[in-house]
Structures are given as C-alpha cells and as structure tokens.
Amino acid sequence: MQKLQPVRGTHDLLPETARRHLHVIESGRGLAERFGYQPIDTPIFEFTDVFQRTLGETSDVVTKEMYRFTDKGGDDVTLRPEGTAGVVRAVLSNGLLQDAPLKFFYAGPMFRYERPQKGRLRQFHQIGVELIGVARPEGDVEVIALGAEILKTLGVGGQVTLHLNTLGDAESRAAYRKALVAYLDGRKGELSPDSLTRLALNPMRILDSKDAGDKQVVADAPRIGDFLTPAAAAFFASVRSGLESLDLTYTVDDRLVRGLDYYCHTAFEFVTDALGAQGTVLAGGRYDGLVETMGGPPTAGVGWAAGIERLAMLLAAPPSAPRPVAVIPVGDAEEALAFGLAHRLRLEGIAVDIGFGGSMKARMKRAGRVNARVAVLLGETERARGVATVRDMDTGQQSEVPLDALARHLAVFR
RNA sequence: GUGGCUAUAGCUCAGUUGGUUAGAGCACCAGAUUGUGGAUCUGGGGGUCGAGGGUUCAAGUCCCUCUAGCCACCCCA
C-alpha cells in the first residue's frame, strides 16, 4: 500500500501555518475595508470557458496549468487558476456594473498544475483586490497604495520593493511589438531556444528572460517608453506622480511584462529577494479589456493578487496563539463540575482549555503545553468549600477563589 | 514538461569497504513527587529504513522503475 500522503503540490496547513495564513487574510481584509473594498467570494470552479476566454488561448496557464475536468453532468469545468476572472464573471452574472465603481477584496485557494517548488504549489492561496469601472490613473494609485499598506502592516514592507512599468494602450503596444520583433529578428542567432519560441508566440516575454545571452540582446532592445501614444504616456505619468504624492517609492522596470493577455497600461510587482526564484509577492495591473472580453460593456479595471504562502513565509514570527485558562479536575468526582465550569467561563468570553481524562499531573502538563495563563484546580477540598484553586502558570502562585466569583476574577484574561 | 539533489522514529539526523537484535538528540508516555506543569534523573512506547522489483549466502547500504520532497528552468502569487 502506498504511504498516506497528500496530492502532489498540496499542503496541510498545520496550526502554526494556518495562523500565519489567517493573519495575512485578516490584515488584508481589514485594510481593504478601510479603503472601501467589500469582501466577495466566488466559487473555486467555473465553466472552463470563463478562464479560457479571459486568460487567452495561448497563455501557459490555459494551455498546460489548468485543473480541468468534465463533471457528471457533462459540464466542462476548471478549478480557478486565479481570482480576477471569477470576480468579473460574478459582476456580470449579478448585474453589478450599474453600481460601478466596484471595489472588491477576496481570499481563497487557487489551482495550477505546475511542478512544485519553493513558494509554488498546485493548490496555493491568494488575497486580491479588484477595482472595476475606474479608468482614471487614481484607480491604479489607490490599488497599489492598498497593497503597499498591507505589506507594511504585515511587517514585510522592508523586504520588498515596488517595480512599475506600463504596457501602454493597444496602439502603443502594437507599435512597440512591431519594433521589438524587428529588432529581435535581426539578432535571432543570439537568442536562447526558449526565446525563439517566445518570439513567435509572445515576444514581450523575451524581455524578462533569465538567460544570460537573452539579457545581452534585450539590453539594446527598443523600449516601450519610446512608443507610447501621448495618451498612454500621460496616463503613466499620472500614475507615477500619484504614487510619489503618497510617498510610495518605486523603480521603473522596462522589462516587467505580463503573462496574462488582458493587461494594459500599468503593471506592477512587489518583489523580494528572500524567497529564491519566486520573489514576486504581490503583483497586478490594469485590465481594461477584460470585462468586454467576457461579454460585458467596455469597462476599465485594475487589481492585484498576492500569494499568501509567500507572505506567510516572510512573516518574522507567527501571531501568537491566545493563552487559555486551563480547567483541571483533580479526580473523577470533579469531572462534571469542571466541565460545567469550563462552559460557563467560555460563555463569559474567556478562552478555556480542558483536557479529557488523564491524571492531574498529565493535565497540568497539558496546561503547560497549551501555554495556559492560569490553571483552575477543582478537587475534593475545593468542592466541599465551593472554591477553586487558581494557579498562575508563570509565577506558580496559587490562591482560592469562590466559584461564583471566578468569571469576574478571570475576566482580565478575556 | 526539462534538469540536478534527496528520501532511516512525530521532528532533526548518524549508520564505517554490503554482515546477523537499525541508533542518537529533541518530542511523546510513565515513575521519582498516593492533589500540581515547565528543570533534573530513571524507565518505556514508537521504524515492514518512501513503494515495488533486481543482484547477492547476506541489502538501510549496490542496480532499475515508480512516488514524493527540495532546488533551478519554463511560468507565475
């Protein structure tokens, strides 16, 4: 029989890790709401078409990374590889565009059939935001500012730098692409095999190739900045000055491109060098064509997604677990009394741990292990006198407290 | 999908050119302390050595296949 193990690339989130994840999610959601972003949850699977249409037929995500299957009813469905497509679909399904601009925050699992690696899993988790219906550059600035604030709150701001680029509008992009292909064609002989296929499929991707030879070729390549239409250039300038006015520092990175087809104008990434090759921690951009691609009216949009696993790894220390009160019956005769008392304390809002069975010594040991603040001991003598012995687990000091005063006495630990 | 490295107790790891009952530290359980955790001491439980096949008198150790992990490419959060 095969060893019991989770599916490749999936992971159990044991309590310490789970707490890190929750901390990331709750920090994100709290700040997002402060910025006016509402929580939204969409299904973790959709009709395959939702992703296929929006991500583009040729993207890697669609061609080789989708968890796609036919369900018992014959529907072609796919586990979501990213969050934006589902949110946009929900906006259209529910006719929400009449309330635009829309601001949403989401968190949840995503699925991509990839080879696992550090910071890369088949089931991973993201938080993300979408701002739909805002064509102005202030939208980009708000969304980036929210991301930066979340990273700062999580204490990872110092390990991360913001990279920024523009992909221009359709016109800019077409002109640039033409010039880029012409240039690269002339230096075909120097490109890596990977980049030769990119040249045919997605030439912009050559810009961020890690191959040394490619990098040399790219160094002299034409730059998108020289091909921007006046409108696209003005848009990018506004985003930059907006960031500067909020004291958000960034570096412009010519070679920052996007794998997904629906991006235009602003592209940005918060990157760290603390995570090996998967240094991107939060990334996004503007996707003005997406809603239309899905069958809605022309609608602007900007957003980002951040990898919870990657952020959780960067957290210096996991948020500490709450310290409970341990209720400990000394013998079987006090078991019922202790259980009832524990319940009443919980109803008063006090965190209570109660072990089930075992000697008093074993229960004290457990109290130590769960880092209890105090132990409430109930034995024969206490029962006879209607009191409990309260032991401070840090100092070892003990005192007797009448049972009916216990909740009040322990209220400081709420 | 491609390449490299790896897999021995819950965790981190020893295991000598193949040699007989596979070890340590930490963790866990119990006792020393018949109503008291964290320190110390003593004892105990826990391994089909990732799975399957092969070579051999003999395999944790050598060979093959598979699975999984790690690292990088591809790509991405």
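Keep in mind the model is a prediction, meaning the values are calculated, not measured. Chain letters run A, B, ... following the sequence lines, proteins first and then strands; every chain starts at 1.
The side chain of A:Gln117 sits closest to B:C73 out of B:G35, B:C73, B:A77. Comparing B:A77, B:C75, B:G37 against the side chain of A:Glu65 picks out B:C75 as the nearest. Comparing B:C74, B:G37, B:G69 against the side chain of A:Arg391 picks out B:G37 as the nearest. In the set B:A68, B:G35, B:A77, the nucleotide with an atom closest to the side chain of A:Val330 is B:G35.
Counted by atom type alone, A:Thr389 and A:Glu382 present one or more donor-acceptor pairs between their side chains at under 3.5 Å.
Atom CZ in A:Arg373 sits about 18 Å away from atom P in B:G37, given to the nearest Å. Taking atom CD of residue A:Glu114 and atom P of nucleotide B:C75, one finds them 11 Å apart after rounding to whole Å. Rounded to a whole Å, the CZ atom of A:Arg363 is 14 Å from the C1' atom of B:G37. Rounded to whole Å, atom P of B:G69 lies 8 Å from atom NE2 of A:His11. Separating the CZ atom of A:Arg198 from the C1' atom of B:C73 is a distance of 10 Å, rounded to the nearest angstrom.
Contact check, A:Arg369 against B:C29: a side-chain N or O comes under 4.0 Å of OP1 or OP2. The shortest distance between the side-chain N/O atoms of A:Lys118 and the OP1/OP2 oxygens of B:A72 is not below 4.0 Å. Under 4.0 angstrom from either OP1 or OP2 of B:C28 there lies no side-chain N or O belonging to A:Lys365.
Look at A:Glu400 and A:Arg385 and you find a salt bridge, because one of the NZ, NE, NH1 or NH2 atoms lies within 4.0 Å of a carboxylate O, short of that distance.
Counting atom types as modelled, A:Arg8 pairs no side-chain N or O with a base atom of B:G69 as donor and acceptor under 3.5 Å. Below the 3.5 angstrom threshold, one finds a donor paired with an acceptor across the side chain of A:Arg120 and the base of B:C74. Side-chain atoms of A:Gln398 and base atoms of B:U36 include a donor and an acceptor less than 3.5 Å apart.
Nearest-nucleotide positions on RNA chain B place A:Tyr113 closer to the 5' end than the other of A:Gly358 and A:Tyr113. Each of A:Leu377 and A:Gln126 has a nearest nucleotide on RNA chain B; the 5'-most of these lies closest to A:Leu377.
Judged as a ring pair (Phe, Tyr, Trp, His ring centres under 6.0 Å), and not counting sequence neighbours, A:Tyr37 has no contacts.
If you check every strand for non-hydrogen atoms under 4.0 Å, A:Leu121 touches a base. Residue contacts shown for A:Glu269 are absent, as no nucleic acid heavy atom lies under 4.0 Å away.
In RNA chain B, runs of at least 3 consecutive Watson-Crick or G-U pairs, each pair with both distances below 3.5 Å, span B:1-7 with B:67-73, B:10-13 with B:23-26, B:28-32 with B:40-44, B:50-54 with B:62-66.
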Could you pull out the protein-nucleic contacts involving nucleotides 2-4 of chain B (nitrogen or oxygen on both sides, under 3.5 Å)?
{"unit_1": "B:U2", "atom_1": "O4", "unit_2": "A:Arg115", "atom_2": "NH1", "d": "2.9"}
{"unit_1": "B:G3", "atom_1": "O6", "unit_2": "A:Arg115", "atom_2": "NH2", "d": "3.3"}

